[in-house]
Amino acid sequence: MGRDTIADIITAIRNADMDRKGTIRITSTNITENIVKIVLREGFIENVRKHRESNKDFLVLTLRHRRNKKGPYRTILNLKRISRPGLRIYSNSQRIPRILGGMGIVILSTSQGIMTDREARLEGIGGEILCYIW
């Protein structure tokens, strides 16, 4: 794991989804817990539980997969990191992008916490664009 925890959890979820793994374990921090809560609430993953092992907290995510195992495998979950430590991307409430015409979500870090693009538009606040999920 590197210094960019958001990119690490996005990469871990993307790799587990491509390998058709059922569960994945990631390190628990305040940022990762908030992002995972949003992803769970939006229905991109099935379940989350907290696990403590040797004085460290982990989040165990249960991924959602296609039930039909026949045919070529296509990933259900697409994640893309936007703002990164070397290049921060900010947006006001009017210029928050819409992913697939509103089908996907944008996760933002705002002054009122981490939230989705819909919540930020309703509140009328902008912030740093963390990632896209569709």
Side-chain angles (χ1 to χ4, degrees):
M1 296 279 177
R3 293 179 185 250
D4 189 7
T5 58
I6 298 169
D8 290 340
I9 65 166
I10 287 172
T11 303
I13 293 171
R14 186 186 312 118
N15 289 343
D17 187 49
M18 286 192 304
D19 287 344
R20 293 186 186 183
K21 290 188 177 180
T23 60
I24 182 174
R25 189 178 83 163
I26 58 173
T27 308
S28 177
T29 63
N30 288 337
I31 294 172
T32 58
E33 284 183 19
N34 290 330
I35 291 174
V36 167
K37 283 179 189 176
I38 289 173
V39 173
L40 176 67
R41 187 177 63 216
E42 295 291 327
F44 289 107
I45 59 176
E46 283 187 24
N47 191 15
V48 178
R49 64 182 171 87
K50 209 167 197 176
H51 178 67
R52 187 169 187 86
E53 182 178 306
S54 66
N55 229 6
K56 289 187 178 181
D57 289 331
F58 295 98
L59 295 174
V60 179
L61 311 175
T62 304
L63 301 179
R64 187 175 298 244
H65 291 291
R66 280 191 333 179
R67 301 292 180 224
N68 184 5
K69 300 288 183 182
K70 297 177 183 176
Y73 180 71
R74 291 191 326 239
T75 58
I76 294 175
L77 191 59
N78 293 306
L79 300 106
K80 184 175 181 185
R81 175 81 159 118
I82 302 302
S83 185
R84 49 193 170 89
L87 179 64
R88 303 286 186 185
I89 306 294
Y90 296 95
S91 177
N92 61 16
S93 62
Q94 291 86 22
R95 296 190 182 258
I96 297 173
R98 294 187 189 272
I99 305 303
L100 293 177
M103 297 286 288
I105 62 169
V106 177
I107 297 179
L108 296 135
S109 175
T110 65
S111 60
Q112 296 180 5
I114 295 177
M115 60 180 63
T116 65
D117 56 339
R118 291 181 211 109
E119 296 167 347
R121 282 191 200 97
L122 286 175
E123 296 286 328
I125 56 176
E128 181 183 354
I129 299 175
L130 297 178
C131 60
Y132 297 157
I133 302 174
W134 70 95

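Distance CD/E46 to CG/L61: 11.5 Å, rounded to 0.5 Å. Taking CD1 of I114 as the start and CG of L108 as the end, the distance is 10.0 Å to the nearest 0.5 Å. Atom CG of L77 and atom CE of M18 lie 11.0 Å apart (nearest 0.5 Å). Distance check: K21 NZ to N15 CG gives 8.5 Å after rounding to the nearest 0.5 Å.
Partners of I125 by side-chain contact (heavy atoms from CB on, under 4.5 Å), not counting sequence neighbours, listed by chain and number: T110, Q112, M115, E123. Residues meeting the side-chain hydrogen bond (donor to acceptor under 3.5 Å, both in side chains) test with N55, sequence neighbours left out: R52. A search for side-chain contact (heavy atoms from CB on, under 4.5 Å) contacts involving N47 returns T62, not counting sequence neighbours. Partners of T29 under the side-chain hydrogen bond (donor to acceptor under 3.5 Å, both in side chains) rule, at least two apart in sequence or in another chain, are T32. Remark: S109 engages no residue in a side-chain hydrogen bond (donor to acceptor under 3.5 Å, both in side chains) (not counting sequence neighbours). Scanning for salt bridge (charged side-chain N to carboxylate O under 4.0 Å, His left out) contacts around K56 gives an empty result, with sequence neighbours left out. Evaluation of the side-chain contact (heavy atoms from CB on, under 4.5 Å) rule for I89 yields I82, S83, L87, I129 as partners, not counting sequence neighbours. Every salt bridge (charged side-chain N to carboxylate O under 4.0 Å, His left out) that R88 has, sequence neighbours left out, goes to E128. Taking the side-chain contact (heavy atoms from CB on, under 4.5 Å) definition, one finds that I99 meets it with V106, Y132, W134, sequence neighbours left out.
No option in I35, V60, L59 other than L59 meets the side-chain contact (heavy atoms from CB on, under 4.5 Å) test with I26.
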Go through it in stages, so that I can follow the logic: the residues are T5 and T27, the test is side chain to side chain contact (heavy atoms under 4.5 Å, CB included), and I'd like the CA-CA distance, side-chain angles, deciding distance and then a yes or no. CA-CA 9 Å; T5 58; T27 308; over 6 Å; no
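The side-chain hydrogen bond (donor to acceptor under 3.5 Å, both in side chains) pairs that include a residue from residues 89-104 number zero, where partners must be two or more places apart or lie in different chains. Among pairs with a residue in residues 33-42, those fulfilling side-chain hydrogen bond (donor to acceptor under 3.5 Å, both in side chains) read S28-E33, E33-K50, R41-E119, E42-R118, at least two apart in sequence or across chains.
Side-chain heavy atoms closer than 4.5 Å link hydrophobic residues (I, L, V, M, F, W, Y) into clusters, and following such links, even through other members, never connects V39 to F58. Cluster annotation: I45 is connected to I38 through the hydrophobic network of ILVMFWY side chains, with a link wherever side-chain heavy atoms come within less than 4.5 Å. Put simply, I133 and V48 are part of the same group of oily side chains (I, L, V, M, F, W, Y) that touch within less than 4.5 Å, one to the next.
You'll find the side chain of L79 stays beyond 4.5 Å of the side chain of F44, heavy atoms only.
What you find for D117 and P97 is that their closest heavy atoms are OD2-O, 3.9 Å.
For the pair R81 (side chain) and L130 (backbone), a donor-acceptor distance under 3.5 Å is present.
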